[in-house]
Trainee: 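First the structure, which I've put down as structure tokens, then a few questions once you've had a look.
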Number of protein chains: 2
Amino acid sequence: MDAFTALAHPVRREVLAMLRKGPLCSGDIAAAFEVAWPTMTGHLKTLKEAGLVTAERDGTSIVYRLNASILEDTAAMLLDLVAGGKKAKGTKT
Amino acid sequence: MDAFTALAHPVRREVLAMLRKGPLCSGDIAAAFEVAWPTMTGHLKTLKEAGLVTAERDGTSIVYRLNASILEDTAAMLLDLVAGGKKAKGTKT
DNA sequence: CTTGACATTAGCCTGTAGGCTAATTAGGAA
DNA sequence: TTCCTAATTAGCCTACAGGCTAATGTCAAG
């Protein structure tokens, strides 16, 4: 699933917001929301596939970490939709 | 439908990219893609509901125009997911 | 090896996004 | 009015996202 689609779900955006403060394990993330744990696992999987987070096992826990660069790239693509063909680099003329 | 969800579909993002060069009418947009016209009408409706475009009738045509500010806001929200709690405003220390 | 906690996978169900065709509305021209 | 073109709305269908419960896998501890 691509980053835009991954970002379309409010819970997944909230997860990213939690993660910006530092890495967290699956249980902590799941506990912070109303959804069942397996549901959160699904969201985390989606985020991981989109490259927005990374996962790493640490003992019995699995630690999720925000991947800022993908998020920045995605934001840049949005800004490009506005500016890409309008202001450009001033290369023309 | 919210802006993030609206942006999740590739055709809708392409429509926005077309629109950044200037306003276009429904028919021109529909003709530029493989989808049937009513399908494109649906996408345009979604974009309009998200505030990403505006529509205005001009004779028999309906002209669609990009609303850059919503797109910029949306991009800003993404960047905030990265920086919002990390770098903040430099207020601390 | 058994137990217990952490997390994912498997399986099922429901709602809705996204596609099409056909019908309808809106506006200009004859 | 009548007709033609532009665009939307209505209705239907299929596929898949997103939720749950139950079962399974994984690791550390005893």
Side-chain angles (χ1 to χ4, degrees), chain A residues 1-19 22-67 70-71 74 78 81, chain B residues 1-19 22-67 70-71 74 78 81:
Chain A
M1 190 173 280
D2 84 352
F4 286 107
T5 308
L7 288 164
H9 197 290
V11 164
R12 289 193 292 259
R13 289 197 300 275
E14 290 249 354
V15 169
L16 295 178
M18 286 182 67
L19 250 27
L24 290 170
C25 66
S26 185
D28 290 340
I29 298 170
F33 294 85
E34 292 285 296
V35 302
W37 197 332
T39 301
M40 185 53 74
T41 293
H43 285 311
L44 291 170
K45 186 178 180 186
T46 297
L47 288 169
K48 192 169 60 173
E49 281 173 9
L52 290 165
V53 303
T54 58
E56 183 190 357
R57 180 172 283 277
D58 175 33
T60 59
S61 297
I62 296 189
V63 175
Y64 286 87
R65 206 174 297 267
L66 182 64
N67 184 353
I70 300 286
L71 211 38
T74 306
L78 290 191
L81 286 180
Chain B
M1 191 173 277
D2 84 352
F4 286 108
T5 308
L7 288 164
H9 198 291
V11 164
R12 289 193 292 258
R13 289 196 300 275
E14 291 248 355
V15 169
L16 294 178
M18 286 183 69
L19 250 27
L24 291 170
C25 67
S26 185
D28 290 340
I29 298 170
F33 295 86
E34 293 285 295
V35 301
W37 196 333
T39 300
M40 184 54 74
T41 294
H43 284 311
L44 291 170
K45 186 178 179 185
T46 297
L47 289 169
K48 191 168 61 172
E49 282 175 9
L52 291 165
V53 303
T54 58
E56 183 190 358
R57 181 173 282 278
D58 175 33
T60 60
S61 297
I62 296 189
V63 176
Y64 286 86
R65 205 175 297 268
L66 182 64
N67 183 355
I70 299 286
L71 211 37
T74 306
L78 290 191
L81 286 180

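In what follows, every heavy atom counts, from backbone to side chain, and hydrogens, waters and symmetry copies are set aside. Lettering follows sequence order; numbering is per chain, from 1.
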Trainee: Quick one: side chain to side chain contact (heavy atoms under 4.5 Å, CB included) partners of B:Pro10, sequence neighbours excluded?
Mentor: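 Checked B:Pro10 against side chain to side chain contact (heavy atoms under 4.5 Å, CB included); matches are B:Arg13.
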
Trainee: Which residues pass the side chain to side chain donor-acceptor pair (under 3.5 Å) test with B:Asp28, sequence neighbours left out?
Mentor: none

Trainee: Distance-only criterion, 3.5 Å: show the donor-acceptor pairs between side-chain atoms of residues 36-59 of chain A and protein atoms not counting sequence neighbours.
Mentor:
from: A:Trp37; atom 1: NE1; to: A:Ser26; atom 2: OG; distance (Å): 3.1
from: A:Thr41; atom 1: OG1; to: A:Trp37; atom 2: O; distance (Å): 3.3
from: A:His43; atom 1: ND1; to: A:Arg12; atom 2: NH1; distance (Å): 3.2
from: A:Thr46; atom 1: OG1; to: A:Gly42; atom 2: O; distance (Å): 3.1
from: A:Arg57; atom 1: NH1; to: A:Gly59; atom 2: O; distance (Å): 3.2

Trainee: Quick test: give all pairs of protein nitrogen or oxygen and nucleotides 25-30 of chain D nitrogen or oxygen below 3.5 Å, distance rounded to 0.1 Å.
Mentor:
none

Trainee: Could you give the CE-to-P distance, from B:Met40 to D:dT9, as a whole number of Å?
Mentor: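 Taking CE of B:Met40 and P of D:dT9, I get 15 Å after rounding.
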
Trainee: If I take atom CZ in residue A:Phe4 and atom P in nucleotide D:dA17, what distance separates them, rounded to the nearest angstrom?
Mentor: 18 Å

Trainee: Please identify each residue that fulfils side chain to side chain donor-acceptor pair (under 3.5 Å) with B:Thr5, with sequence neighbours left out.
Mentor: B:Asp2

Trainee: A:His43 has an atom NE2; how far is it from atom P of D:dC20, in whole Å?
Mentor: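 Whole-Å distance recorded here is 8 Å.
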
Trainee: Please list, in numerical order, the residues of residues 9-17 of chain B that have a heavy atom closer than 4.0 Å to any atom of DNA chain C.
Mentor: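 Residues of residues 9-17 of chain B that come under 4.0 Å of DNA chain C are, in numerical order, B:His9, B:Arg12.
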
Trainee: Would you tabulate the nitrogen or oxygen pairs shorter than 3.5 Å linking the protein to nucleotides 1-3 of chain D?
Mentor:
none

Trainee: Is DNA chain C part of any stem, that is, at least 3 consecutive Watson-Crick or G-U pairs with both distances under 3.5 Å, and where?
Mentor: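 Listed by first number, the stems are C:1-30 with D:1-30.
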
Trainee: Kindly state which residues belonging to residues 48-56 of chain A come within less than 4.0 angstrom of DNA chain C, counting heavy atoms of the residue only, listed by number.
Mentor: none

Trainee: Scan nucleotides 9-14 of chain C against the protein and return all N/O pairs shorter than 3.5 Å with their distances rounded to 0.1 Å.
Mentor:
none

